[in-house]
Amino acid sequence: MKRVIETSHAIALAVKLARVKVIPMYPITPQTHIVERLAEFINNGTLDAKMIHVESEHSAISALQGALLSNVRAFTATSSQGLALMFEILQIISGMRLPAVMVIANRALSAPINIWNDHSDAFAVRDQGWMQIFAETAEEALDSVLMAYKLAESKEVQIPIMVNIDGYSLSHVYEPVDIPSQTLVDSFLPKFKLEDYLDINNPKTFGPIGFPDSYMYFKEAQHKAMKNAEKRIKEINREFKKKFKRSYGNGLVEEYKIEDAETVFVCLGSICGTAREAVDQLRVKGKKAGLLKLRYIRPWPSKSIRKALNKAEKIAVFDRAFSFGSEAPLYTELKATLQDKQINSYVVGLGGRDVTIEHFKKAYRMCSKNKNGWLY
Amino acid sequence: MKRVIETSHAIALAVKLARVKVIPMYPITPQTHIVERLAEFINNGTLDAKMIHVESEHSAISALQGALLSNVRAFTATSSQGLALMFEILQIISGMRLPAVMVIANRALSAPINIWNDHSDAFAVRDQGWMQIFAETAEEALDSVLMAYKLAESKEVQIPIMVNIDGYSLSHVYEPVDIPSQTLVDSFLPKFKLEDYLDINNPKTFGPIGFPDSYMYFKEAQHKAMKNAEKRIKEINREFKKKFKRSYGNGLVEEYKIEDAETVFVCLGSICGTAREAVDQLRVKGKKAGLLKLRYIRPWPSKSIRKALNKAEKIAVFDRAFSFGSEAPLYTELKATLQDKQINSYVVGLGGRDVTIEHFKKAYRMCSKNKNGWLY
Amino acid sequence: MGLPREEYIASGHRACAGCGEILTIRHVLKASGKNTIVVNATGCAEVVTTPYPQTAWKIPWVHSAFENIAAVASGIDKGLECRGIRDKINLLAIGGDGASFDIGFGSLSGAIERGHKFTYIATDNEAYMNTGIQRSGATPLFANTTTSPAGKKIHGKIEPKKPLPLIVAAHGVSYVATISIADLPDLYAKVKKALKAEVVSFLHAFCPCVPGWKYPSSKTIEIAKKATATGVFPLYEIENGILKFTRKPAKLEPVNNYLKMQGRFKHLSQSEIRQIQNYVKERYNFLLSVENSKCFDTLFK
Amino acid sequence: MGLPREEYIASGHRACAGCGEILTIRHVLKASGKNTIVVNATGCAEVVTTPYPQTAWKIPWVHSAFENIAAVASGIDKGLECRGIRDKINLLAIGGDGASFDIGFGSLSGAIERGHKFTYIATDNEAYMNTGIQRSGATPLFANTTTSPAGKKIHGKIEPKKPLPLIVAAHGVSYVATISIADLPDLYAKVKKALKAEVVSFLHAFCPCVPGWKYPSSKTIEIAKKATATGVFPLYEIENGILKFTRKPAKLEPVNNYLKMQGRFKHLSQSEIRQIQNYVKERYNFLLSVENSKCFDTLFK
Amino acid sequence: MIKEIVIYGRGGQGAVTSSYVLAKAFFYEGFYSQAFPSFGVERTGAPVEAYVRFSKKPINLRQHVYKADYAIVLDSSLIEAANVKEKLKRNASVFINSAKKRKYFGKDIKEITTDITSISLKIIGKPFVNISILGLFATTKLVTMESLRKAIYEMLPENLAKLNYAAAMEIYKNVVG
Amino acid sequence: MIKEIVIYGRGGQGAVTSSYVLAKAFFYEGFYSQAFPSFGVERTGAPVEAYVRFSKKPINLRQHVYKADYAIVLDSSLIEAANVKEKLKRNASVFINSAKKRKYFGKDIKEITTDITSISLKIIGKPFVNISILGLFATTKLVTMESLRKAIYEMLPENLAKLNYAAAMEIYKNVVG
Amino acid sequence: MNKKMKITKGAVIKEPGSTVKYKTGSWRTFRPVIDYEKCIRCGLCWSQCPDMAIEKKGNKFVINYDYCKGCGICAENCPVKAIKMVREEK
Amino acid sequence: MNKKMKITKGAVIKEPGSTVKYKTGSWRTFRPVIDYEKCIRCGLCWSQCPDMAIEKKGNKFVINYDYCKGCGICAENCPVKAIKMVREEK
Ligand SMILES: Cc1ncc(C[n+]2csc(CCOP(=O)(O)OP(=O)(O)O)c2C)c(N)n1
Ligand SMILES: Cc1ncc(C[n+]2csc(CCOP(=O)(O)OP(=O)(O)O)c2C)c(N)n1
Ligand code: SF4
Ligand code: SF4
Ligand code: SF4
Ligand code: SF4
Ligand code: SF4
Ligand code: SF4
Ligand SMILES: [Mg+2]
Ligand SMILES: [Mg+2]
């Protein structure tokens, strides 16, 4: 059924359709609409789940971990400072290989405090062993949550995952969303069942001390499992298409008018929409622009990127996060992936600065002169 | 005066020589020896400072911030989970441009819990707007703390800084250290005085809300200030040499037998010592190896790196941290800096796995075949 | 009224018309005076007063994060001590109920244990208002918030309000009190006492919130009055372990006089109102029962 | 002795010879039985029992971090509830004094407020032992630790011990008690009561530590006995707001009988011993004075 | 072609809800649509904005609205306070709630003014104008009153939907006749 | 050439302190030196190790010690429990605290055994062996008793330093004669 | 794309009370008007205004409409009902 | 460089009580020895051992020297002083 709803609402519906059982939650702008909607479902009796009104995000992520360890599907959402406060527990969850799913309504980091959208929260945690999707539309946000559960819980993966949506710029947008039926979702998403959990009939120990003789192997295994995920992401994307009649590129990346493009924009999340518009307008003027939308930054889809950008002459990367004293992080990774290409960096939209068609056009011009810049 | 002391002791002496006033502290292995030594100084009356026995690292870094805002020099130290728990406050401090100095006795991140050395803690916070030094020896650790205060407090910089020392592998090592006199240090390090602080006679507001119209400018300013630091680091290195009769490369990087080297090892921290040994042994066998020791990862010394590795044919980067689903972080940054070079990645010493001469020799061989690897 | 004339917070701030929290802070600052430093947690008060490049504050003020004001204040406390000017300065840590009852309570408890000197003010509007009225540990029984909605199955918040002043008093501090903008003389007297304490002192301030509690903006003071008149928010202080009411209504009004003024309670059934009445009465009676006896050990003197 | 035979923690763990903390946990588990899940904070108990690939635990056990056991337990509590097996399982959160008094207290306080059901056990060895004997909020007055050293100018810890059981009781929970390995029947009875509570129950366990307190490993039990005999660690419980001593020595021994057994107190001057004696007496008298009267409001029943 | 609408109101007045209702109505009308608020920290009483886009083709664009084709003003005092003029395209249409019989703009702007407050007070019993003013907008015939009705019922609890729709309809009829 | 020493003890016995004292002593002797513990989580009673490197040239090397030139064993029961043999170079020298008059190693290892505990008990009054056994090591003449004395006084509080040094000296004299 | 903005280092605001530059009077939909005939100069309105929008001028309390948001607290609580709330219209 | 180690996913340990593979008996420097002549089978030693190193076999309490660390608690508290601590020597 297609309805105009808020992206946050679409996500809440995805969580409901996934039959989530435990939802630890802590309020933070602009994530809050998601959990508010879930609280409504629960208090109205339309979702049979428990909400845990934790006293901090640190406890939200910890309670999420506890819920998973007790063998139920769980969910939480946060933003910015909340994600930052969870930091320590993120790698504890990934190190323990728990298939957590969390939505991040991306927002800038303090100081100064700023409640608007950029990607510094998501990028700040990119080494912590979580997979990370970025969704462009409300519908993709809903779909991504469903796919995220399936992916994270796949035996060969078992890695937690964050679904990123742009705070406000996507989270608070109403637009048409095709909401799948419960039956369809049930046919896609298996019942939750962990191999290892806290079971009085089969007592196991979780979170031991790993000495230097073992620790590094666990870390290599985490990395390998995440690399395995690339294949699984593609499979799930195909299966999703079969069942739900829609899909997203090859699952990892999505190409737009890229075949003959000379200059390719690379970006993440909701600004991809504006980028498409810019590509169209540039093409009207005879400029061969294209767009590579990255759906995942972890696993970093290096093969898909190389394939997609194989023929591109110039690449303009748009970063909405920054590594002070170094460079924009997407730019760095892209250069490292394509050591032989001209790549230019554009830092845009930090702290909710609007990203417009003009930004893409300007970047297009600068890129043709091999110039980088912060675009305001 | 030259004495055989523990690196942690050397750091505590540096803090004392810097006339630090407030020391919030929270215990965590392997950092603890530093603050224990400081507690001894204070309780014996040889250091006139206040220790704040905070209840968590989150409060340690917050109290550090408070102390600085009240216009006194301050210090804290942590490791691993402690640094992770501080995460949110790190960018709050850098965003507010407070010249904090903190020592990290580097240690692996949970899970599984592991108290031994690697660099995943330091690398996890590399985007948070703090400068980061890595010290190789006890003496360099002491010197780095002194230089760190001077650098962070420089008007044109005003950026917080972390001094990284390898947990256990350096923190718990006794070795000869030349301890400078108080007079000498006083001539090097000016009295502490902030331009902006909490002053009832000149009331100012700190940490306001930055709207989308201003936020991005603050972030660009942070980045620029950190880039300014490069010049300042070199100056301070030169001044240090004049006063203390020793210095470290150009301040940002240190070269060892690099002029004619065909294969150059790039690494950080205490394993540089073992790398030197390996270079010597390889050279005995007629293999032209060299070493580039990075002292700073933030600011990322791209110019110095390019200059130093200009003639290298092969580069072997040693990472002691990893970005799951992507690559080793130093490797990524190095590739992005030197897009035209053959660079190979060796992941070593995670979670206290010993890094030996054999590792360097093996990497040397693998590098000659353009092969990457995790070396156990 | 004999209140100091000087203001330490300026007009032009962005709080809702009728905000009880800003009014509370206005008076706390007037009581504390010029030589005051404020550490303020994230929350309404912080957001509405500091839209860069403007600030409403006329005294030195800092906001770091949501959960750490007690720790930041700890650093300032010791810094000022080192600078030899500690005695000249009133140091206030101001946090909302979310900051104080929930996310920042660990930090507050730690600061108390270490024996710091500052006054902590919990401005309690009984929910996370800055983020849009979510339930906190201070939200009262059955109140409707966006995360404890009055739904078909569950009718608002189902847990009792966390008894924060008593918990803080149990730490053994020398001064804890409740304050309300409905009683300014009481408020001023308590702020002054709190500032004299040599360790952490604690004030629990009742702060009606227009959109959060859903009442016409003109009713802010009246609601606060009713809270005390019905026993929902008794005015007392705990000095050196001894609890004393500073105002005691001759007879408590029925709690519904308070509830019915607010949209957040409009979903209540009669039985729920009765439950609240009993709940309030029990709490009130407990306080009465321990009044004047030493019911809290004092560790700090 | 009538104690259950089954052990839930195995030999071969790496605790110091004579460890009071492991012995405490051993008995708590025996009292709790087979159907127990443990959430354990970072600290000695965790480190010495789980050197991968070995574990000493025979029941399901998880360690996440240092500061979050109450939150992890909250998630498990609700997860078990959803699975319909909550009633079958005893859920224990076990943390050292560092975990419980300091870094994890915010998380515990939050879990209490939400009305979760689990038993929290603070194994108090009065310092951060796993990291090498640093001062915690539970370290007693004047004790020598590596961060509160007995120096020339400052003689050990200068702040009093945080009164955690009273603070937890002030939250309004239904069961709080102190336990000691020196009195196993008392310990077993209290663990069983704690497990029956419908909300968070809290046990404060006295755990002598050989290297931390600096005494010969054989003296673990004797020191625990002396702690109770001198009034340093009284055995009591607070049930529905009413405090009762479960053991009351006819006459308290001088506190020095306890202090002199331990290296951490060997630097004390006579005057400092007297101060400790007064301090202990005051605390003890306070407890006596509130015994049997309802001194804590109970919000959860 | 994408068309853009700005809605001006005050914190607490429901301008954001208006935008959502409108987006839903456009969707029922066969358009693609998008609605979003001005992402501010405004408190009760402060001027706020909300936006709607609609188009016959899927809408990818996600930048802010800079120059709108239509504006809806819930309170005429905002015209100055929020500088409505600045955000309007030439020849834009503006729908204003005002009891005053005056012109607010120059002649390059089309303006329709109605005393929405009075009508709302009469029909809803409260001065809720955010939904009823959409009846005024519906006079453009861009959305039918039927689509609007469906949207209102989807967004509001039934009792409120009924009253608000009735008010919108009254306003619509007043103008269309 | 860098030489390496391993010291074996039990948690609480002070093996780590021995290594520090030795490093200081080597430094006074004109060597560069380095000392560090085995970075474990061992508790009181568990076998622990500590290491010393010394060299006439600055020591860059920071890897663990895998094959030592010398071993010092604070408690003979550790020889088996800690598998001392495995970490020794061929022809290494081992200094053992034992009351037993027996050989612990084959002939490729040089071993010197003394009842350090008894001597320490006698002189220090406590079975502290970690410093006194260094007197036995000093019989190698790699460090003089004078350097050792300075190192001991630097590391321990004066009263303990005095007693420990006396014990070390007694042991040294017993062997050297 | 917008114009550059001048900023301070670390976002420090050095002008205390500078929100006075922002006139919240425009938020008002109702305007309090004091009837000085009735007013007994008790100052209650002054003390209860969350916007410091009532000033004591001489012995008179005067509303500063630049800042008054029209909350109505002053009118509600005036002991002699000397304040009326009047609808703003533009 | 060391040999590879087999690991479980997420470091889960599936063998409860497996520390028994590690014999802490080697930590001991003193050995408790029970004099069964004196022993009254009260079980106090069993209940007070932090290492579960005393087992009840039949109605006898037997020390398991594989695990006994020699702390001396049992000897210290035996009501009839039936346990002696004897120095270990190797
Ligand atoms: C770590 C963290 N989590 C969440 C937030 C989001 N947040 C900011 S203010 C706020 C609510 C504040 O509530 P309260 O303390 O009661 O103050 P009020 O706004 O009600 O005055 C929240 C949840 C944050 N800034 N930081
Ligand atoms: C966030 C964080 N900070 C610090 C540490 C280091 N740490 C681990 S255990 C421990 C001490 C534990 O003390 P306590 O809770 O009293 O338990 P004990 O070891 O004394 O039994 C510390 C400080 C950590 N693991 N995580
Ligand atoms: S939401 Fe409540 S607390 Fe926040 S500004 Fe408005 S009235 Fe004040
Ligand atoms: S240090 Fe103390 S608590 Fe830790 S294992 Fe040893 S005796 Fe037990
Ligand atoms: S409250 Fe009323 S009487 Fe008092 S000063 Fe104000 S207007 Fe005058
Ligand atoms: S209406 Fe409100 S804002 Fe205006 S003067 Fe009165 S109290 Fe102040
Ligand atoms: S304590 Fe003594 S008497 Fe009791 S069983 Fe043990 S050895 Fe026998
Ligand atoms: S000596 Fe200690 S470890 Fe050994 S049996 Fe007795 S109590 Fe147990
Ligand atoms: Mg609040
Ligand atoms: Mg402890």
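What's counted below: heavy atoms across the whole structure, side chains too, no hydrogens, waters or symmetry copies. Every chain is numbered from 1, with letters handed out A, B, ... down the list of sequences.
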Check: Hey, are T332(A) and E333(B) close enough side-chain-wise for a donor-acceptor pair under 3.5 Å?
Finding: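 No.
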Note to self: Any donor-acceptor pair under 3.5 Å linking the side-chain atoms of Q339(B) with those of Q339(A)?
What the structure shows: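 Not at all, the side chains of Q339(A) and Q339(B) share no donor-acceptor pair under 3.5 Å.
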Item checked: Closest contact, heavy atoms only, G325(B) versus R298(A) ->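 Heavy-atom minimum between the residues: C-CD, 4.2 Å.
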Next item on the list: Indicate the atoms forming the closest heavy-atom contact of H223(B) with S326(A), along with that distance.
Entry: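 The answer is CE1-O, 3.3 Å.
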So which part of [X] gets closer than 4.5 Å to some heavy atom of chain A, the side chain, the backbone, both or neither?
| X | result |
| --- | --- |
| V125(B) | neither |
| L338(B) | backbone |
| D118(B) | side chain |

Next item on the list: Taking N114(A) for its side chain and G210(B) for its backbone only, find out whether a donor-acceptor pair lies under 3.5 Å.
Entry: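 The answer is yes, because a donor-acceptor pair under 3.5 Å joins these two groups.
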Check: Side chain of R353(B), backbone of M216(A): donor and acceptor closer than 3.5 Å?
Finding: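 Between the backbone of M216(A) and the side chain of R353(B) there is no qualifying donor-acceptor contact (under 3.5 Å).
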Margin query: Under a 4.5 Å cutoff for heavy-atom pairs, which residue among N228(A), N117(A), L109(A) has the most contacts with chain B?
Written below: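 So the answer, after comparing N228(A), N117(A), L109(A), is L109(A).
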Item checked: For chain B, the option from R97(A), K224(A), Q222(A), M86(A) that forms the most heavy-atom pairs under 4.5 Å ->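 It is Q222(A).
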To the nearest 0.5 Å, what is the distance between [atom1] ([X]) and [atom2] ([Y])?
| X | Y | atom1 | atom2 | result |
| --- | --- | --- | --- | --- |
| F211(B) | I115(A) | CZ | CD1 | 7.5 Å |
| I113(B) | I92(A) | CD1 | CD1 | 7.5 Å |
| E88(A) | S110(B) | CD | OG | 7.0 Å |
| H58(A) | F87(B) | NE2 | CZ | 13.0 Å |
| K219(A) | L350(B) | NZ | CG | 9.0 Å |

Check: Who pairs with H172(A) by ring pair (Phe, Tyr, Trp, His ring centres under 6.0 Å), at least two apart in sequence or on another chain?
Finding: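 Per chain and number, H172(A) pairs via ring pair (Phe, Tyr, Trp, His ring centres under 6.0 Å) with H33(A), Y168(A).
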With chain A as the partner, which of [options] has the greatest number of non-hydrogen pairs under 4.5 Å?
| options | answer |
| --- | --- |
| P212(B), A336(B), A229(B) | P212(B) |
| F123(B), Y215(B), W300(B), W130(B) | Y215(B) |
| G95(B), P112(B), P329(B) | P112(B) |
| M226(B), Q91(B), E327(B) | Q91(B) |

Region of [X] in contact with chain B, defined by heavy-atom distances below 4.5 Å:
| X | value |
| --- | --- |
| A108(A) | both |
| F218(A) | side chain |
| Q132(A) | neither |
| R126(A) | both |
| K341(A) | backbone |

Checklist line | Selection residues 324-348 of chain A - residue pairs positive for ring pair (Phe, Tyr, Trp, His ring centres under 6.0 Å), sequence neighbours left out | finding: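 Residue pairs with at least one partner in residues 324-348 of chain A: F318(A)-Y346(A).
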Item checked: Validation row: F322(B), D127(A) side chains within 4.5 angstrom (heavy atoms) ->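 F322(B) does not reach D127(A) side chain to side chain.
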